[in-house]
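Okay, handing you the structure first.
The chain is numbered in sequence order, starting from 1. Every number for a ligand or one of its atoms is a count from 1 in the order of the listing. If you're wondering where the values come from, they're calculated on a predicted model, not measured in any experiment.
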Amino acid sequence: MKAFTYSASVPVLAECDVLVVGGGSAGCSAAVAAARQGARVVLLERYGFLGGTGAAVLDTFYGFYTPGLVEKKVVGGIPDEVVGGLERRGVLLKRPNTYGAGAGLTYDPETLKVVWDELVSAAGVRVLLHAYFADVIQDGPRVRGAVVGTKRGLRAVAARAVVDASGDADVVARAGGPFEDAGALGIAQSLTTTFKVINVDVARAKSFPKKELWALMEAAASEGYRLPRKEGSAHVTPFQGVMVTNMTRVAGVDATDPDALSRAEMEGRGQALEYLRFLRDKVPGYERAELGGLSVNIGVRETRRIRGEYWITREDVLSARKFPDAVARCGAPIEEHHAGGDTRWEYLPDGETVDIPYRALLPQGLENVVVAGRCLSASHEAHASIRSIGQCLAMGQAAGLAAALAKGGDLRGVDVGELRSRLLEMGALL
Ligand SMILES: Cc1cc2nc3c(=O)[nH]c(=O)nc-3n(C[C@H](O)[C@H](O)[C@H](O)COP(=O)(O)OP(=O)(O)OC[C@H]3O[C@@H](n4cnc5c(N)ncnc54)[C@H](O)[C@@H]3O)c2cc1C
């Protein structure tokens, strides 16, 4: 690749104890947890709102409950506060399910943005929206701060400890930490542009069996409709006449490649309109349906996963392994959206959970960086279980608390016994 060399002096916009990069489920949760410990926290987010993929792409929290016949609640603490904020505003709907990903909590994503605004403001977090993390300011294994793209040009944010909650491990990658790049390896899960459908006869649409919907997709695809995924789904929402879909599939994309991601955005939007045409033409309840909106961006399931002090494997997940440094739990099945027409599912034993160890959040070789969310240290298969929002929220609260407790930003020096007991006091389920 050709390169230009430039030198720039970057004005300091903020100095803090804990810098959180990425205002999604993991990042917001981390920022709130750290600020409640009295740390000076700056939260960076590239978009104009908080909530990340949970607000921009979808509307259902999974991972709060184990699937199967025995439903057990798996996460608590800040995740409960988020759910409480949505419930109080009357925009939360529990959708019980034995299998699939288990019971889901479906909400209004616009209200979720406000719930996060309130939680971070009450905790005293300094929020920088429209602020793009571009690079690290580094001193060997220590990240001293971040270079941030803003409307006023590049600015620096100096920090003692950094939480990488960018989803793509942007901080770890820029700092030279090790990671597995699912996109570059060609194993990344497929991408999905979700869309909202309005004017639906929800009673009829809801009672139409999923298997028959899939058979109609198969038949329509052979008739010439461009439907790469034959097992797409649509679900009810807290609103009358509104269904939300998870149907499109753009496979084989390395979502950290700017060109590939741009092509995927356009392909996802095109597919969304084609799936809408299919629904309107073929599926009971959708005869008068209209497009209510496309996701803000195409949903990216998997990019970089860090190489941490522990690497969670498929065997750990399926055997519901326990760890002494557990900071969160996961009961969600391995749900793999691969390039083919269907989705692969593998379950833990009924009612069981795998532990997420603190070490899986600590990138090798970096002293004062901790990750949270979907860029954790896990194999492709283990990640396909642990990436649900319930777990991202739970990892975020653990990472934020650890960053606030880390003396001089030394995250490996955190007393794990104290971290766990503080998490339990906060309502976490361990
Ligand atoms: C199509 C799709 C459907 C899914 N369905 C479900 C579901 O129904 N239920 C469920 O529980 N899970 C679902 N998942 C999985 C789940 O949504 C994600 O794994 C989870 O939201 C990831 O949370 P996160 O906090 O790690 O990342 P994100 O929520 O993606 O947050 C990352 C944040 O960082 C910001 N950011 C990234 N890079 C930068 C940068 N350089 N500078 C500044 N800001 C940056 C982003 O804008 C974003 O706000 C789905 C995922 C996809 C893609």
The closest protein heavy-atom partner of atom 49 (O) of ligand 1 is Glu45 OE1, 2.5 Å
For Gln391, is there any backbone N or O sitting under 3.5 Å from a side-chain donor or acceptor partner on Ser388?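 Pair absent, no side-chain N/O of Ser388 close to backbone of Gln391.
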- Item | Side-chain donor/acceptor of Tyr358 to backbone N/O of Arg420, under 3.5 Å |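 Checking the backbone N and O of Arg420 against the side chain of Tyr358, no donor-acceptor pair under 3.5 Å is found.
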Item to complete: Output yes when a side-chain donor or acceptor of Thr248 lies under 3.5 Å from a complementary backbone atom of Ala272, and no otherwise.
Response: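 Flag not set: sc Thr248 to bb Ala272 has no pair under 3.5 Å.
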Practice task
Ignoring angles and geometry beyond distance, decide whether Ala26 reaches within less than 3.5 Å of ligand 1 through its nitrogen or oxygen atoms.
Solution key: yes
protein heavy-atom neighbour closest to atom 34 (O) of ligand 1 works out as Gly22 CA, 3.1 Å
Near Gly299 (heavy-atom distance under 4.0 Å), the atoms of ligand 1 are 53 (C)
- Query: Does ligand 1 have any atom sitting under 4.0 Å from a heavy atom of Asp170?
  - Reply: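 Yes; Asp170 lies near enough to ligand 1 that a heavy-atom distance drops under 4.0 Å.
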>> Tell me whether Ala165 reaches ligand 1 (any heavy atom closer than 4.0 angstrom to a ligand atom).
In response: yes
Note to self: I'd like to know if the side chain of Asp325 and the backbone of Pro357 have a donor-acceptor N/O pair within less than 3.5 Å.
What the structure shows: no
(message) Give me the nearest non-hydrogen protein atom to atom 29 (O) of ligand 1 as residue plus atom name, then the distance to 0.1 Å.
(response)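 Nearest neighbour among protein heavy atoms for atom 29 (O) of ligand 1, to 0.1 Å: Thr53 N, 2.9 Å.
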A student checking ligand 1 against Cys392 at a 4.0 Å heavy-atom cut-off should list atoms 20 (C), 22 (C), 23 (O), 26 (O)
Polar contact flag for Asp168 and ligand 1 (N/O pairs, less than 3.5 Å) |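 The answer is no, given that Asp168 and ligand 1 share no N or O pair closer than 3.5 Å.
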Ligand 1 atoms nearer than 4.0 angstrom to some heavy atom of Ser388 are 11 (O), 12 (N)
Nearest non-hydrogen contact to atom 26 (O) of ligand 1 from the set Arg301, His130, Arg374, Met395 belongs to Arg374
| message | Looking only at protein heavy atoms, which one is nearest to atom 37 (C) of ligand 1, and what is the separation? | response |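 Of every protein heavy atom, Ser166 O, 3.3 Å lies nearest to atom 37 (C) of ligand 1.
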Between the side chains of Glu309 and Arg359, is the shortest nitrogen-to-carboxylate-oxygen separation below 4.0 Å, so that they form an ion pair?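 Salt bridge flag = no for Glu309 with Arg359.
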For atom 18 (C) of ligand 1, the closest protein heavy atom turns out to be Arg387 O, 3.4 Å
One finds that the ligand 1 atoms under 4.0 Å from a non-hydrogen atom of Thr192 are 1 (C)
### Task
Would you please classify the geometry between the Phe278 ring and the Tyr225 ring as parallel, tilted or perpendicular, with 30° and 60° separating the classes?
perpendicular
Item to check | Side-chain (Gln271) to main-chain (Arg249) donor-acceptor, under 3.5 angstrom | outcome: yes
Main-chain N/O of Arg160 paired to Asn368 side chain as donor or acceptor, under 3.5 Å = yes
Which segment of Val300 sits under 4.0 Å of ligand 1 when only heavy atoms are counted |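 Under 4.0 Å from ligand 1, Val300 contributes backbone atoms alone.
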The atoms of ligand 1 lying under 4.0 Å from a heavy atom of Asn246, numbered in the order shown, are 3 (C)
Q) Any donor and acceptor pair, going by atom type alone, linking the side chain of Arg263 with main-chain N or O of Val253 inside 3.5 Å? A)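 Answer holds: no.
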* Asked: If you count the atoms of ligand 1 from 1 in the order shown, which ones are under 4.0 Å from a heavy atom of Gly373?
  ->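 Reading through ligand 1 atom by atom, the close ones are 26 (O).
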for atom 9 (N) of ligand 1, nearest protein heavy atom and its distance come out as Thr60 O, 2.8 Å
In this structure, atom 36 (N) of ligand 1 is nearest to the protein heavy atom Arg46 NE, 3.6 Å
- Message: Arg36 vs Leu401, test: side chain to side chain contact (heavy atoms under 4.5 Å, CB included). Steps then yes/no.
- Response: CA-CA 9 Å; Arg36 285 183 183 168; Leu401 179 60; over 6 Å; no
Could you list the atoms of ligand 1 found under 4.0 angstrom from a heavy atom of Gly52?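 By the 4.0 Å cutoff, the relevant atoms are 29 (O), 48 (C), 49 (O).
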- Query: Taking the non-hydrogen atoms of Ala131, is any one of them nearer than 4.0 angstrom to ligand 1?
  - Reply: yes
the protein heavy atom lying closest to atom 50 (C) of ligand 1 turns out to be Leu58 CD2, 3.4 Å
Identify whether the distance between the nearest side-chain nitrogen and carboxylate oxygen of Glu118 and Arg88 falls below 4.0 Å.
->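 No, this pair does not count.
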Nearest non-hydrogen atom to atom 8 (O) of ligand 1 belongs to which of Tyr62, Phe61, Phe133, Phe49?
->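 Result: the heavy atom closest to atom 8 (O) of ligand 1 is in Tyr62.
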Open item on the list: Please report whether ligand 1 has a polar contact with Ile389, defined as an N or O pair separated by less than 3.5 Å (distance criterion only).
Closed with: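 Between Ile389 and ligand 1, an N or O pair is found under 3.5 Å apart.
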Presence of salt bridge, Glu218 and Lys230, under 4.0 angstrom:
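The answer is no: the pair does not qualify as a salt bridge.
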Legend entry - Lys/Arg-Asp/Glu bridge criterion (N-O < 4.0 Å) met for Asp164, Arg304: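 Here Asp164 does not pair with Arg304 in a salt bridge, since their nearest N and O are not under 4.0 Å apart.
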- prompt: Is the NZ or CZ atom of Lys94 both under 6.0 Å from the centre of the six-membered ring of Phe64 and within 45° of that ring's axis?
  reply: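 No - Lys94 does not lie over the ring of Phe64 by the 6.0 Å and 45° rule.
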